[in-house]
Amino acid sequence: MTYPKNIIFILVLFVSIALNAQIQVNLNVSSNPTPELFEWANRTDLAILTVTNSDERLIGTDYKIKVKVSLDNELVLETNMGVMTQKLPLGSQTFLADEIIPYDAINFKNNSFKNKMIQTGLLPAGVYTFCVSLIDLNGKTISTPAEVCRTMLITAYQLPELLFPIDNFSITANLAPTILFTWSPVSPTPPAQLGVKYIIAITEVQPGQSVSQAFHVNYPIIEEEVIGRTQFNWPLDLNTPDETTQYVWSIKPVTFNDNPYKSGVNGFSYIETFTLKVEDKNIEIEEEQVDSTSLSEETENAVLLIDEKADINEMTERIVSLTTNTKSDNSLSIKEQNINYATIKDISQKLVLIKNKNAENNISEKEKKEQLADIKAMAESLVNLTIKSNPDEIIKKDKLADIKAMAEELVNLTVKN
């Protein structure tokens, strides 16, 4: 008996559909997985593919897992026929991420995507579509549904902002130990399993160099890891320069596995500069008509260790700037509030240091009284700014306790004087 060709085609198609219906695929992926490629080989919860065969006739059938990955609706990679050949058992098989998409069987469709992965060890941020199907050795789809897709979101992290020293900041070199480098945290907060640590790098700018060239070419004088905080003090054991020197600094947030949170120029935030000024240390005290009882024999040729007058004038300008720029509607941005906090703390530390240096200096009683009067006036101005005015207008609330403690310390400083 002969059958019309169209009937034979329908029968073959029916049998094929019936067989395919026996091979079910199910894909589960984390909706917001880690971007770290390293973790995809070690964590079972990131992607799980389950293949189920309920037909004994298909036992031993050879097949391959086909994967296509799109980022923001653009195909960025797919697996090729080099993936391992699997055999269907009766029942279910489970595959994890590194088995579903082995690196040595990937064809990249976007070189920019590939380069970012290689450079950072992270999946670039965006919305991913992860699609899986089963094919036979001829490339024909044999799974039901023919393709299963899931969506994943890789978070886009924002690099820290450098808060203090502000760009082009200048300070006397003697006071370098009072510098508290401050920056905002990486945003949003990374998951605990990734962790976050900050690399602070500070580089000297050589004559004739641009700040960018200095930062990316010169060996840093400071390169330290900071964990659990967003502040770093100038090291006490680091010598200050003998002449006025410009520096450039920045912050790089990385995971606990040292993968940067954002691609770019080495994963660092935008660079900023500051300068350590070196002034003449041998400032001779001018001859004055002073009662001989105010001078001791040892102070006739005395010199100042630091230029308190210049530092106090600089701090006065900064306090005045803080006061005049204060907004009465509590509309300060987080960055403005943090800069104010860092500035107030910096001034407080400098005042205490200047007072201590003043006490150590071998100078006349008249000079000492004049300088202590200047310090007292500065301390009282700062106390007035932080306590007597509305502190909410100056500083973010989570820093108020710290500011009040500093103000109390300055009150004690003025009382002692």
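Nearest heavy-atom pair across Asn53 and Pro89 is ND2-O, 2.9 Å. The minimum heavy-atom distance linking Lys64 with Met81 is given by the pair NZ-O, 3.2 Å. For the pair Thr203 and Ala214, the tightest heavy-atom approach, listed with the atom from each and the gap, is CG2-O, 3.2 Å. Among all heavy-atom pairs drawn from Thr240 and Ala176, the shortest one is CG2-CB, 3.7 Å. Nearest heavy-atom pair, Tyr63 versus Lys87, reported as atom, atom and distance to 0.1 Å: CE2-C, 3.9 Å. Shown here for Pro124 and Lys116, the closest heavy-atom pair between the two residues is CG-CB, 3.9 Å.
Checking side-chain atoms of Thr230 against main-chain N and O of Trp183 turns up a donor-acceptor pair under 3.5 Å. Side chain of Thr172 to main chain of Leu175: no donor-acceptor pair is present (N/O by atom type, distance under 3.5 Å, no hydrogens or angles). Remark: the backbone N or O of Leu163 is not paired with any side-chain donor or acceptor of Thr182 at under 3.5 angstrom. Remark: the backbone N or O of Thr255 is not paired with any side-chain donor or acceptor of Asn259 at under 3.5 angstrom. The backbone N or O of Ser170 lies less than 3.5 Å from no partner atom in the side chain of Lys277, so there is not a single donor-acceptor pair. Of the possible polar contacts, none joining the Thr144 side chain to the Gln24 backbone as a donor-acceptor pair under 3.5 Å is found. Proximity of a side-chain donor or acceptor of Glu99 to a complementary backbone N or O of Leu96 within less than 3.5 Å is detected. Under a 3.5 Å cut-off, the side chain of Ser112 and the backbone N or O of Asn110 do not form any donor-acceptor pair. Panel note: side chain Tyr198, backbone Val186; a donor-acceptor pair is recorded below 3.5 Å. The backbone N or O of Gly82 lies less than 3.5 Å from a partner atom in the side chain of Asn80, making a donor-acceptor pair.
A side-chain N or O of Ser92 and one of Thr52 form a donor-acceptor pair less than 3.5 Å apart. Inspection of the Gln206 and Asn218 side chains reveals no N or O donor paired with an N or O acceptor under 3.5 Å.
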Report task. Decide yes or no on side-chain contact (heavy atoms from CB on, under 4.5 Å) for Ile101 and Leu77, but give the supporting numbers first. Result -> CA-CA 10 Å; Ile101 185 167; Leu77 66 85; 3.4 Å; yes

Query - Chi angles and distances behind the side-chain contact (heavy atoms from CB on, under 4.5 Å) call for Asp136, Thr61 - result: CA-CA 8 Å; Asp136 62 20; Thr61 299; 5.9 Å; no

Query raised in the report: Hey, mind stepping through Ile65 and Leu134 against side-chain contact (heavy atoms from CB on, under 4.5 Å) and telling me if it holds?
Result: CA-CA 5 Å; Ile65 301 173; Leu134 303 185; 4.1 Å; yes

Report task. Apply side-chain contact (heavy atoms from CB on, under 4.5 Å) to Glu147 and Thr141, showing your working. Result -> CA-CA 9 Å; Glu147 185 176 62; Thr141 302; over 6 Å; no

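Within a 6.0 Å sphere centred on CG of Asn73, heavy atoms belonging to other residues, nucleotides or ligands number 12 at most.
Aromatic ring orientation, Phe232 versus Phe181: tilted (interplanar angle from 30° to 60°). Aromatic ring orientation, Tyr247 versus Phe274: parallel (interplanar angle below 30°, classes split at 30° and 60°).
Between Phe215 and Phe268, the gap from one ring centroid to the other is short of 6.0 Å.
For the pair Lys114/Ile106, no side-chain contact is recorded, criterion being any heavy-atom separation below 4.5 Å from C-beta on.
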